[in-house]
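Naming: A, B, ... by sequence-line order, numbering from 1 per chain.
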There are 2 protein chains.
Amino acid sequence: MKTQAALAESKPYHHGDLRRALLRAAVAILEREGPSALSLRAVAREAGVSPAAPYHHFKDKSELLNAVALEGFERLKTVLVEAFASARKDEMRSALGVAYVEFSQANPALYRVMWDCARNGEKLPESSHDKHSAFELVKDTLREAAGGQISELDLELTAIASWCAAHGLAEISTFAQFKPLKEAVGGDRAFLKAVLNHLGGVHRTAS
Amino acid sequence: MKTQAALAESKPYHHGDLRRALLRAAVAILEREGPSALSLRAVAREAGVSPAAPYHHFKDKSELLNAVALEGFERLKTVLVEAFASARKDEMRSALGVAYVEFSQANPALYRVMWDCARNGEKLPESSHDKHSAFELVKDTLREAAGGQISELDLELTAIASWCAAHGLAEISTFAQFKPLKEAVGGDRAFLKAVLNHLGGVHRTAS
DNA sequence: GGCGGTATCTAAGCAATGTCCAGATCGGAT
DNA sequence: ATCCGATCTGGACATTGCTTAGATACCGCC
């Protein structure tokens, strides 16, 4: 019964809880060296095991990446829930959008892995599929904003549109060519809000 | 002076015009086998040269990809110009958006390479930067739609917002989870238009 | 027309990667 | 105590990006 001691010390017999250690290592590499450095062997190295060890916990490299992406989606959901809790009701949509984009800017490498997995699998990891997903959160927000005066279809479409805008902004706002514009408009967050306010077309003026 | 004959025949002395052949080969592989199969060596193989040959025309693998991406952006611009020329004025914005997304769906692998390059380089390939870019086309469209009643700042912001929406939709609309919704709404194109029409928020109703 | 220079291409090789396999090691159920 | 199955290692293989040394064939120049 030396499991506890082994976990706390240096070299457990069989390692105790690799899988989780691998995920932690992967995220660490991602944040430290970017997505291109995220090789299976590097993850194993970081976790202090042989290059073949991960294959007992993940079928594939892509399965490891999927697990990392899942973790990312959960973090994103946490961020959105916080934004949801602390924003004024009348600017909830903008607040969620800004929170989404700022998450992607704070974790660029992770966001990239998340999205790559989402594309490759043709569907998002489970967390974005269930009843407590961030997507449902957005729908609830929009439903409330409309005061019930909206069909489920329009709700779904509006939520998708919001997601499109947020994701597009997350990727486009990193382009260097918009740096002068950002400054002219008063900083990063002001830029995000401004773009989000122009989604409707040419009519809407700044709030 | 056997250049012409050599170009038409099987094995030119030095190959005639590699670089272009490499680009063609890259696009071919991309469309046939997807982005993960696009290795430098595979491109060289497809073009019938040694694995080291491409290095006399491209400094890097990434430089090859950049050239491919540039070609993609040019094709995209062509598509947008066509849509611009053949759409009704009052639904120009939606038409451009649909054309954008349909291009990305018709060339998924190419679109992915284009966007990867755009992200890695922090700025888009040149073609999207000059005065004849697709981005300027969108701005012109929006300027016309507003009848001159819009500031340059609002114009720029609206163009960016449109781009965000189009890109987001391009990536999100491929998710399998929206398939039932697509059918419920009347097919792919109807789905695209519907989402684009909901960009403004919960107010707008379908046209 | 011959000559050297230069751009282009090949051959061979290096380190790194994803993946598999044979065996070693260890925990836990019987 | 013993065996089983899960976990980990060491070694190997094919493939990849990239480099270097040397071959090949076009070019301008005399």
How many whole angstroms separate atom CZ of B:R20 from atom P of C:dT8?
13 Å
Would you mind reading off the distance between A:H56 atom NE2 and C:dC26 atom P, rounded to a whole angstrom?
15 Å
Heavy-atom nearest pair, B:A26 first then B:L38, reads O-CD1, 3.6 Å
Could you go through the salt bridge (Lys or Arg N to Asp or Glu O under 4.0 Å) check for B:E183 and B:K179 one step at a time?
CA-CA 6 Å; B:E183 286 163 9; B:K179 209 153 133 200; 5.6 Å; no
Using the ring of each side chain (for Trp, its six-membered ring), is B:W115 parallel, tilted or perpendicular to A:F175, with breaks at 30° and 60°?
tilted
Please verify the inter-ring angle class for A:W163 with A:F135; under 30° counts as parallel, over 60° as perpendicular, anything in between as tilted.
tilted
B:Q105 versus B:S173, side-chain donor and acceptor atoms under 3.5 Å
yes
A:R93 side chain to A:S162 side chain, donor-acceptor N/O pair below 3.5 angstrom:
yes
Is there a side-chain contact between B:H57 and the phosphate of C:dC9, meaning an N or O under 4.0 Å from OP1 or OP2?
yes
Using five pairs at each end of the helix from C:dG1-D:dC30 to C:dT30-D:dA1 to define an axis, what is the angle between those two axes, to 10°?
0°
Short N-O contact, B:E46 and B:R32, less than 4.0 angstrom:
yes
Would a distance-only check, ignoring hydrogens and angles, find a side-chain to backbone donor-acceptor pair under 3.5 Å from [X] to [Y]?
| X | Y | value |
| --- | --- | --- |
| A:N120 | A:D116 | yes |
| A:E156 | A:E152 | no |
| A:T78 | A:E74 | yes |

Output the residues of residues 27-36 of chain A in contact with DNA chain D, where contact means a heavy atom of the residue under 4.0 Å from an atom of the strand; sort by number or write none.
none
Report each atom pair, protein N/O against N/O of nucleotides 15-19 of chain D, whose distance is under 3.5 angstrom.
unit_1 : atom_1 : unit_2 : atom_2 : d
D:dT16 : OP1    : B:S39  : OG     : 3.4
D:dT16 : OP2    : B:R45  : NH2    : 2.8
D:dG17 : OP1    : B:L40  : N      : 3.0
D:dG17 : OP1    : B:K61  : NZ     : 3.0
D:dG17 : OP2    : B:L40  : N      : 3.0
D:dG17 : OP2    : B:R41  : N      : 3.2
D:dG17 : N7     : B:R41  : NH1    : 2.4
D:dG17 : O6     : B:R41  : NH1    : 2.9
D:dC18 : OP1    : B:D60  : OD1    : 3.0
D:dC18 : OP2    : B:Y55  : OH     : 3.1
D:dC18 : OP2    : B:K61  : N      : 3.0
D:dC18 : O5'    : B:Y55  : OH     : 3.3
D:dC18 : N4     : B:R41  : NH1    : 3.2

